[in-house]
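Quick notes on the structure that follows.
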Amino acid sequence: MAEFVTVAKESDLSPGQSMCVIVKGRKVALFNVDGTVYAINDTCSHAEASLSEGELDGHVVTCPRHGARFDVRTGKALSLPAWAPVDTYEVKVENGEIKVAL
Ligand code: FES
């Protein structure tokens, strides 16, 4: 069974916001879409860029470096120059804490 790790307080991430957290040495991007938190690998699958620094529009984040778009629910790349998906992680929010399982 996946082990959930507390990574942030729920109050740290308002709807429409994103942030990067380190989970077991891995950079994970968190996104709050209308109160639901999603977690994907922070590093773009195209090159070195932090997806948590990208613009979030609904469930879609745009990479700040070359503009590839990813669905934060599935990690799927929606537009070039990225074609490979990024990993997604299970998230749960309990007692005001955001927890992620790798
Ligand atoms: S680094 Fe993200 S699209 Fe190039």
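Side-chain atoms are counted along with the backbone in the values below, which use heavy atoms only and exclude waters and symmetry mates. Just so you know, ligand 1 is whichever comes first in the structure, and atom 1 is the first atom listed for that ligand.
Hydrophobic clustering, with ILVMFWY side chains joined whenever heavy atoms are under 4.5 angstrom apart, groups V37 together with V100. V91 and V33 sit in two unconnected hydrophobic clusters of ILVMFWY residues. Membership requires side-chain heavy atoms under 4.5 Å apart, directly or through other members. Under the 4.5 Å side-chain contact rule for hydrophobic residues, V72 and V86 share a cluster.
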Between V28 and V7, does a side-chain contact (heavy atoms from CB on, under 4.5 Å) hold up when you go through it step by step? CA-CA 10 Å; V28 174; V7 295; over 6 Å; no

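Within the 4.5 Å cutoff, side-chain heavy atoms of V61 are placed close to those of L56.
Less than 2.8 Å away from atom 4 (Fe) of ligand 1, the protein contributes these N/O/S atoms: H46 ND1, H66 ND1.
Applying the salt bridge (charged side-chain N to carboxylate O under 4.0 Å, His left out) definition to pairs two or more places apart or across chains, those involving residues 83-95 are K92-E94, E94-K99.
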